Amino acid sequence: MPERLLSAAEAIREAQDQAMAADRRVFVIGEGVADPKGVFGTTLGRVEKYGPGRVVETPLSENAFTGVAIGSALMGQRPILVHQRVEFALLAMEQMVGNAAKAHYVSNGAHCVPLVIRLIIGRGWGQGPQHSQSLEALFAYIPGLKLVMPATPADAKGMLLAAIADDNPVVFMEHRWIHYATGHVPEASAPTPLDGPRRRRDGDDVTLVATSYMVFEAVQAADALAGEGVGVDLFDLRVARPLVLDAVVQSVRRTGRLVIVDTGWQAFGIGAEIAARVTESCFGALKAAPRRIGLPAHPTPSSPMLAKAYYPSSEAIAETAGSLAGLEKNRVAKVRETIARNRNDVPFDIPHPSFRGPF
Amino acid sequence: MPERLLSAAEAIREAQDQAMAADRRVFVIGEGVADPKGVFGTTLGRVEKYGPGRVVETPLSENAFTGVAIGSALMGQRPILVHQRVEFALLAMEQMVGNAAKAHYVSNGAHCVPLVIRLIIGRGWGQGPQHSQSLEALFAYIPGLKLVMPATPADAKGMLLAAIADDNPVVFMEHRWIHYATGHVPEASAPTPLDGPRRRRDGDDVTLVATSYMVFEAVQAADALAGEGVGVDLFDLRVARPLVLDAVVQSVRRTGRLVIVDTGWQAFGIGAEIAARVTESCFGALKAAPRRIGLPAHPTPSSPMLAKAYYPSSEAIAETAGSLAGLEKNRVAKVRETIARNRNDVPFDIPHPSFRGPF
Amino acid sequence: MPESQPNGRDSLDPAWLLGLYREMLRIRAVEEEIAARYSEQEMRCPVHLSIGQEATAVGACQALRPDDQILSSHRCHGHYLAKGGDLKAMMAEIHGKAAGCCGGRGGSMHLFDLKAGVLASVPIVSSSVPLAVGAALAFQQRGEDRVALAFLGDGSLEEGVFHESANLAAVMKLPAVFFVENNLYAVYTHLRGRQPDRPMTEIARAYAMPARHVDGNDVTAVHAATVEAVSRARAGGGPSLVIADTYRWREHCGPNYDNDLGYRGPEEFEVWKGRCPVGAFGADLKARGLLGDDEETRMNRQIAAEIDAAFAFAREAPFPDPASAGDGVYA
Amino acid sequence: MPESQPNGRDSLDPAWLLGLYREMLRIRAVEEEIAARYSEQEMRCPVHLSIGQEATAVGACQALRPDDQILSSHRCHGHYLAKGGDLKAMMAEIHGKAAGCCGGRGGSMHLFDLKAGVLASVPIVSSSVPLAVGAALAFQQRGEDRVALAFLGDGSLEEGVFHESANLAAVMKLPAVFFVENNLYAVYTHLRGRQPDRPMTEIARAYAMPARHVDGNDVTAVHAATVEAVSRARAGGGPSLVIADTYRWREHCGPNYDNDLGYRGPEEFEVWKGRCPVGAFGADLKARGLLGDDEETRMNRQIAAEIDAAFAFAREAPFPDPASAGDGVYA
Ligand SMILES: Cc1ncc(C[n+]2csc(CCOP(=O)(O)OP(=O)(O)O)c2C)c(N)n1
Ligand SMILES: Cc1ncc(C[n+]2csc(CCOP(=O)(O)OP(=O)(O)O)c2C)c(N)n1
Ligand SMILES: [Mg+2]
Ligand SMILES: [Mg+2]
């Protein structure tokens with residue numbers, strides 16, 4: 001039987017559907033979950049199948065419906081909550097940090113909050129300062145929350161299933177542009193453990209850790225660098241909390257070099273934790289200081305001309321990783337050219353077709 | 001004229017008073033600002049002096065009154081907002097991150113938000129999971145916010161004056177236990193620039209960076225280490241955003257060793273950014289990986305017996321800094337004893353008298 | 001004006017009335033004992049006493065079944081006890097002991113008892129309100145005829161999350177009851193500085209929700225109003241608002257009186273103290289011949305013994321192992 | 001039922017009425033032009049058109065002085081123009097150009113014009129509401145007789161921060177007006193799935209606030225109701241709520257119609273389209289002899305020329321320097 005190609009959006013929809021079919025306690029809640037667009041298609045058709053009692057369209061009340069989801073979880077339900085933009089979750093921070101993250105600990109284990117909070121990160125098309133932030137560092141900081149950031153469609157499905165099956169509150173961050181990526185996705189309802197990074201490319205010269213959509217940019221960079229003989233050991237971080245870095249540390253022991261690329265602001269971002277922890281773990285093996293690539297310290301501008309400078313490109317990743325690995329300037333330039341050639345004329349503010357996989 | 005001794009709480013009250021007297025646009029807003037306890041004494045008597053129009057007691061509505069303060073600032077007022085616990089600010093994250101932090105940038109410079117947000121961090125006396133968090137990392141992550149964490153009474157006054165005079169939103173985090181610390185505080189209304197760390201002890205063996213109340217624990221550690229011949233170059237961070245580390249990097253170039261102690265959770269905390277940035281800046285000078293000391297990854301337990309294990313002590317700081325600097329085990333033990341002796345029998349869940357200064 | 005005694009007490013079962021009285025006496029005695037012993041510094045956490053507010057806790061909880069759930073706030077002692085929470089586990093919790101209802105992790109503001117139907121207490125004002133609505137959603141989704149009741153303070157009504165929760169519960173016709181203990185103050189700030197001048201029940205109109213205003217110091221009136229709200233919720237009629245006027249006697253947080261602070265006048269305090277929910281009800285029971293002095297003495301003696309035992313238990317119980325402090329962050 | 005034409009139009013100044021009409025025509029034409037040109041992909045940001053809702057923007061803003069401030073949301077084009085915002089700066093902003101009102105940093109959802117009294121537009125639902133109350137607080141503190149008006153959608157009423165803001169404004173008697181454009185939908189979800197069935201004006205009772213319900217497609221009715229609210233605020237009488245029923249013709253976000261999605265029926269759409277705020281008002285003016293066809297043609301021609309010039313300006317204007325993207329994070 002040939003393997004199926006699904007987009008990550010379809011994979012997410014399928015995971016939710018299978019979980020709902022298998023377990024009556026699972027339900028979906030949020031703004032737009034039952035509307036005709038179905039949260040970028042990821043909940044489409046579910047209200048017809050499961051009814052409004054399990055596909056709960058809410059009033060505009062992010063803080064309350066987060067608390068409602070938590071309360072239902074305390075009573076044994078298994079809600080999947082979704083915000084179409086991560087920004088809306090800022091209104092619900094108190095519920096997330098105060099109640100969801102702490103109930104199990106504070107109750108000395110009596111309470112569980114089996115809650116998935118899907119947060120969608122925007123990007124592109126001038127969405128600007130308040131519709132395209134990448135605030136994962138805020139959630140990564142909170143003990144009691146798990147933080148999952150899938151990149152591939154297979155992970156989008158498998159890790160969402162695992163998040164639903166998890167007895168803890170799991171923040172599941174979906175970058176809009178991974179929604180479009182396609183890949184082989186198993187039909188079975190099989191959770192993929194939330195157990196840490198996965199290697200996406202092999203190499204001995206430099207270790208590259210990327211999160212979410214930046215994994216695709218990193219793949220472009222790694223492949224182009226491979227063409228110039230630089231071996232990139234590329235990890236897809238997948239889980240930011242709890243942060244498991246053994247494989248990365250092992251890799252750095254071999255390569256001596258680390259570059260981290262994430263979707264958020266660089267300063268105080270999750271790259272800082274990764275850099276600090278890897279440094280603590282294998283200082284002696286490091287040939288140079290770990291390098292971080294992230295967003296510059298300002299809000300997302302709407303104008304395409306300003307946004308273009310805002311997002312780190314595969315070129316920038318290749319340049320950082322390549323020069324860290326000692327690649328000569330002219331060969332770095334060649335790598336940049338290769339990447340640019342592959343990009344063709346696709347505007348940078350819509351997803352590049354080459355990111356559509358299959359991955 | 002002899003110098004005055006003031007507690008940090010008194011210093012904060014004086015700074016607010018002087019700013020209000022000097023500038024009609026300055027006002028105070030929050031829950032409890034006009035009540036008979038006056039926010040741990042820091043706003044006491046102000047409503048009698050300036051009236052309820054400038055000491056604005058609000059309904060319980062953290063998100064709204066943060067937006068109200070921002071709106072008034074957009075119209076040219078200079079509000080000082082206060083939350084008696086940092087947790088209450090979680091309800092206002094959207095206003096802080098969405099409006100306060102971004103207005104100047106998004107308006108291309110036309111708007112200013114000259115707003116001070118005083119956030120008080122609790123500790124001790126079993127306040128437990130929801131009244132004693134130290135969430136500075138959440139605010140440090142946000143471009144457009146400044147984040148100030150004074151330790152000494154002089155800084156509490158001078159930096160609050162500077163924060164009030166600043167045209168940007170400044171988060172001013174006050175640890176409850178620094179409120180009790182006393183020190184020499186100039187009577188004049190003189191702002192202290194929000195310009196970065198200050199050296200609190202001199203030494204050549206290890207660089208120690210501490211924030212807020214942990215500065216006092218670090219001082220104990222540094223002094224005890226000095227007794228054993230270990231020179232600690234101790235910095236009070238003071239400003240977490242914008243983060244200026246030149247002096248720290250210079251110090252690490254000399255000592256080759258860095259320890260960071262902050263009041264928040266260690267993982268994904270501000271120590272990670274400091275460690276990563278210093279490593280990037282002077283990798284070659286480092287003799288060992290920077291070490292971070294912070295809270296373990298769980299909520300604050302209420303029980304004194306559990307909380308005791310939760311907070312890093314001066315002993316722990318001394319042990320980390322001492323062994324990093326190569327101090328032998330038995331001499332580290334001696335340092336721990338010295339510190340313990342100084343502590344006498346004061347329970348750990350109330351502020352130690354030796355922290356009352358003068359500093 | 002709050003309604004009083006919508007059902008004449010005469011028609012009520014005397015044993016049941018004595019039970020109400022006993023429970024109010026017990027809550028009062030527990031909190032008086034906490035106040036008396038607080039200065040010994042064995043209870044090393046903040047306490048928010050509800051002395052003076054016993055009738056709301058008891059009247060409301062008596063309207064609930066054991067499998068109904070309540071949600072409470074920082075001021076949760078009375079609610080916890082009235083719903084059937086374990087006294088020993090409460091005292092151990094306040095003493096920070098391993099046998100506490102949270103294993104010592106929560107302290108006085110986090111009391112819960114799953115078996116008794118005290119789902120959670122949360123010290124962030126109004127933060128437990130959506131949790132109650134969420135419990136109600138779970139009941140509705142599973143077709144269970146259970147009800148969730150949120151205890152709120154008057155201050156809690158000012159928080160946005162209350163309004164969001166009330167609207168959501170109303171739209172979805174969830175089996176929830178919003179029970180407001182209006183004690184006129186949030187910390188030291190009077191209602192008049194925090195809400196405009198209108199009957200508090202007007203809030204319910206925004207959500208097309210029935211509302212009742214009762215004398216919160218009249219335990220049977222509280223009970224009757226809550227029964228009405230609970231029955232409606234149980235029958236699928238959706239949420240209601242109950243406003244019960246009452247008064248906190250002691251300081252906002254801590255064991256003492258704080259009238260010296262000047263935020264409330266001595267006259268106001270005396271008026272409310274004169275309307276003691278426990279004393280007035282006891283006097284009424286006696287006047288109607290339902291309660292004798294002997295019986296009252298016996299009750300008090302039993303209660304005192306239970307409380308002594310609970311304190312002894314809490315004091316002698318072991319502290320949690322410091323090495324366990326990091327356990328159980330994740331399930 | 002909304003009130004209609006509380007002041008008969010006959011008593012109103014004809015020139016002023018023509019001005020209202022012209023402004024509605026202009027807003028309509030600007031947005032039609034955006035819709036027409038959107039597929040050219042020169043405007044690379046989301047747009048939320050208010051076609052069909054012109055009477056609320058114009059009627060409300062006409063009740064304000066230039067130094068009064070409005071606050072708006074994601075759907076801000078009409079408000080910005082009606083309050084006197086600069087059309088060229090708006091078009092440049094939507095095109096991401098340096099001459100945009102935000103220098104290209106904000107895009108279509110962040111329009112503001114300090115000189116005109118458009119203090120800010122914020123794309124997070126209800127997030128601008130407390131900003132309006134804060135502006136009102138500043139006016140009160142400084143003894144200025146200015147008013148702040150917040151434009152809200154019906155969905156915005158469900159957000160907690162609206163309630164917190166309304167309560168705060170009411171307690172402090174701040175010069176604020178909460179002006180609700182009730183277009184029945186939040187994105188694709190009808191009001192009946194989001195709020196219980198009661199007159200929306202009932203919300204005001206929770207805050208002891210006067211409320212008016214008007215036909216939001218009747219520009220003079222909107223104006224009269226807003227004048228009342230603004231006058232009360234200016235005179236120190238505190239905030240009011242105005243509910244204006246209207247309808248968004250196009251899709252929630254973007255240039256197209258979206259009735260094919262099925263979230264609203266074609267009959268409903270046709271009814272509202274038949275009640276076009278611009279067309280109906282124009283017809284009325286003509287019927288009463290205040291507007292001739294020639295005059296209307298001249299108006300349309302002038303407006304078209306202005307819009308053409310604004311688009312030309314926006315297209316030709318330079319982009320901001322990419323190197324400036326990080327400037328101005330701090331003042
Ligand atoms: C969100 C939030 N804001 C502020 C506080 C501080 N606080 C604790 S109790 C309280 C007053 C609550 O008043 P009310 O709801 O009337 O309850 P009461 O104390 O009168 O029982 C306040 C403001 C808090 N705990 N949470
Ligand atoms: C806090 C928040 N939640 C959700 C959204 C997504 N969103 C954008 S517009 C909108 C609907 C708003 O409805 P309404 O207030 O009635 O305004 P309308 O679009 O009808 O003009 C929603 C839910 C948002 N921007 N902000
Ligand atoms: Mg109260
Ligand atoms: Mg609407």
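Each chain gets a letter, A, B and so on, in the order the sequences are listed, and its residues count up from 1. Heavy-atom basis, side chains included; hydrogens, waters and symmetry copies ignored. Every value quoted in this text rests on a predicted model; they were computed, and no experiment measured them.
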Legend entry - Part of D:Leu119 within contact of chain B (heavy atom distance under 4.5 Å): both

Inset, instruction - Against chain B, label D:Phe139 side chain, backbone, both or neither, depending on which of its atoms sit under 4.5 Å from a heavy atom there. - result: side chain

Legend entry - Heavy-atom check, side chain of B:His111 versus side chain of D:Leu114, under 4.5 Å: yes

Legend entry - Separation between CG of B:Asn63 and OG of D:Ser165, rounded to the nearest 0.5 Å: 7.5 Å

Inset, instruction - Search all heavy atoms of D:Ala138 against all heavy atoms of B:Met75 and return the closest pair with its distance. - result: CB-CB, 3.8 Å

Inset, instruction - Return the option, out of B:Pro143, B:Gly109, B:Ser107, with the maximum number of heavy-atom pairs under 4.5 Å with chain D. - result: B:Ser107

Inset, instruction - Pick one of side chain, backbone, both or neither for B:Val113, based on which atoms fall under 4.5 Å of a heavy atom in chain D. - result: neither

Legend entry - Between NZ on residue B:Lys146 and OH on residue D:Tyr330, distance to nearest 0.5 Å: 7.5 Å

Inset, instruction - Using a cut-off of 6.0 Å, state whether more than 12 heavy atoms not belonging to D:Lys115 lie near its atom NZ. - result: no

Inset, instruction - Tell me, out of D:Ala169, D:Ser127, D:Gly100, D:Gly106, who's got the most heavy-atom pairs with chain B below 4.5 Å. - result: D:Ser127

Legend entry - D:Gln140 side, atom CD; B:Ser72 side, atom OG - distance, nearest 0.5 Å: 12.0 Å

Inset, instruction - Tabulate, in ascending numerical order, the residues of residues 147-154 of chain D having at least one heavy atom closer than 4.5 Å to a heavy atom of chain B, or enter 'none'. - result: none

Legend entry - Approximate separation, where rounding is to 0.5 Å, of B:Asn108 CG and D:Glu93 CD: 8.0 Å

Legend entry - Any donor-acceptor pair under 3.5 Å from D:Gln141 side chain to B:Gly53 backbone: yes

Inset, instruction - Could you tell me which residues in residues 91-103 of chain B have at least one non-hydrogen atom under 4.5 Å from a non-hydrogen atom of chain D, sorted by residue number? - result: B:Glu94, B:Gln95, B:Asn99

Legend entry - Nearest non-hydrogen partners of D:Ala325 and B:Tyr105, listed with the distance: O-OH, 2.5 Å

Inset, instruction - Of all the heavy-atom pairs spanning D:Val329 and B:Gly144, show the shortest one and how long it is. - result: CG1-N, 3.5 Å

Legend entry - Closest approach of D:Ala331 to B:Cys112 (non-hydrogen atoms, all atoms of both residues): CB-SG, 3.8 Å

Legend entry - Beyond-backbone contact of D:Gln69 with B:Leu74, side-chain heavy atoms, under 4.5 angstrom: no

Inset, instruction - Using a cut-off of 6.0 Å, state whether more than 12 heavy atoms not belonging to D:Arg65 lie near its atom CZ. - result: yes

Legend entry - Contact class of D:Val161 relative to chain B, heavy atoms under 4.5 angstrom: both

Legend entry - B:Gln77 and D:Leu137, any side-chain heavy atoms less than 4.5 Å apart: no

